[in-house]
Amino acid sequence: QSALTQPASVSGSPGQSLTISCTGTSSDVSIYVSWYQQHPGKAPKLMIFDVTKRPSGISNRFSGSKSGNTASLTISGLQAEDEADYYCSSYATSFTYVFGTGTKVTVL
Amino acid sequence: EVQLVQSGAAVKKSGESLKISCKGSGYTFTNYWIGWVRQMPGKGLEWMGIIYAGNSETRYSPSFQGQVTISADKSITTAYLQWRSLKASDTAIYYCARRPPGGPFDIWGQGTTVTVSS
């Protein structure tokens, strides 16, 4: 099972919005898409699950969506602390999972 | 506080065996799955496999099937990831993560760094 495809890097200025895409086959990108944030040297942190849901404590500046075989994470009102790596993940079938290739977000 | 605490860093030689651990606390261990994720140096996340702590039902990624063994001891709320014969290419950080039934990986351990010299 191949990794989901994400852009290697995206950047934006403070206050701007940016969107990260996550593309796979129709069977890979299911309704169970999650997004994880990883700061250098730290463990991943759940930011979005089930395509659009935010866990308790996650800022509403983070939002998720899906269209066809592509899921997206949007960060609004970009802040310096948002600079990190972001990974999408999808539950496929028979308890198998796949992660995206990862996207480095830079705040200019 | 819900947390997963992993065992410390390991430095091994090729061919040696290793078992790393992930202890859950602050929640009902047997109601959740525990997954394992590999991150090679400077690379992305790779899903390795998952175990249901309640009955030890296990699933592996095809990429890791036969290469590692995932197990759990519910009496001490601990999951394990084991190698019989390490290779230099196993050098990576390994994370465990909790998954509620039907949910995402919501709580992650701090990671265990495994270094294997050839």
Side-chain angles (χ1 to χ4, degrees), chain A residues 1-9 20 22 24 28-58 62 64 66 71 73 84-105, chain B residues 1-7 9 20 22 24 27 32-65 70 72 92-113:
Chain A
Q1 197 167 23
S2 301
L4 303 172
T5 301
Q6 298 180 230
S9 63
I20 304 167
C22 169
D28 286 338
V29 183
S30 72
I31 61 173
Y32 302 111
V33 173
S34 303
W35 289 90
Y36 300 88
Q37 176 192 66
Q38 187 180 33
H39 286 110
K42 300 294 187 182
K45 177 182 178 181
L46 178 66
M47 305 301 285
I48 294 287
F49 68 100
D50 292 354
V51 178
T52 61
K53 299 176 183 175
R54 275 188 312 276
S56 173
I58 299 301
F62 292 85
K66 176 177 170 297
L73 173 72
D85 293 326
Y86 291 82
Y87 295 90
C88 62
S89 174
S90 182
Y91 170 71
T93 57
S94 299
F95 293 94
T96 60
Y97 299 83
V98 60
F99 283 100
T101 51
T103 298
K104 181 177 180 60
V105 167
Chain B
E1 179 192 5
V2 175
Q3 59 179 351
L4 297 174
V5 178
Q6 299 184 230
S7 49
I20 63 174
C22 169
Y27 71 97
Y32 292 80
W33 296 80
I34 296 286
W36 287 95
V37 175
R38 182 175 78 174
Q39 188 166 39
M40 299 178 76
K43 302 298 184 183
L45 305 175
E46 300 173 89
W47 177 73
M48 302 177 70
I50 195 167
I51 186 166
Y52 186 64
N55 61 8
S56 291
E57 178 182 351
T58 309
R59 296 282 190 275
Y60 293 93
S61 161
S63 299
F64 292 93
Q65 178 83 48
I70 294 171
I93 300 173
Y94 294 88
Y95 293 101
C96 63
R98 186 187 81 161
R99 176 189 177 269
F105 292 112
D106 62 349
I107 302 293
W108 291 66
Q110 82 278 20
T112 295
T113 299

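Everything numeric here is computed off the predicted structure, so don't read it as measured data. Labels below follow one simple rule: chain letters A, B, ... track the order of the sequence lines, proteins then strands, and each chain is numbered from 1. All values below were derived from every heavy atom in this structure, side-chain atoms included, with hydrogens, water molecules and symmetry-related copies excluded.
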Taking only distance into account, with no hydrogens and no angle test, what donor-acceptor pairs under 3.5 Å do side-chain atoms of residues 35-47 of chain A form with protein atoms, sequence neighbours excluded?
unit_1, atom_1, unit_2, atom_2, d
A/Y36, OH, B/F105, N, 3.1
A/Q37, NE2, A/Y86, OH, 2.9
A/Q38, OE1, B/Q39, NE2, 2.9
A/Q38, NE2, A/K42, O, 3.0
A/Q38, NE2, B/Q39, OE1, 2.8
A/Q38, NE2, B/Y95, OH, 3.3
A/H39, NE2, A/E81, O, 2.9
A/H39, NE2, A/E83, O, 3.4

| Those residues that, when tested against B/W33, pass ring-ring contact (aromatic ring centres under 6.0 Å, His included) (two or more places apart) |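 For B/W33 the ring-ring contact (aromatic ring centres under 6.0 Å, His included) partners, ignoring immediate neighbours, are A/F95, B/Y52.
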| query | Which bit of B/I50 comes within less than 4.5 Å of chain A, counting heavy atoms only: side chain, backbone, both or neither? | reply |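 Side chain only.
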| note | Here the gap from B/E46 atom CD to A/Y87 atom OH, rounded to the nearest 0.5 Å, amounts to 10.0 Å
| request: Please name the pair of heavy atoms, one in A/F49 and one in B/P104, separated by the smallest distance, quoted to 0.1 Å. | output: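 It is CB-CG, 3.5 Å.
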| Could B/R99 and A/Y91 be counted as a cation-pi pair, given that NZ or CZ must be under 6.0 Å from the ring centre and within 45° of the axis? |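 Positive - B/R99 is close enough to the ring of A/Y91 and near enough to its axis.
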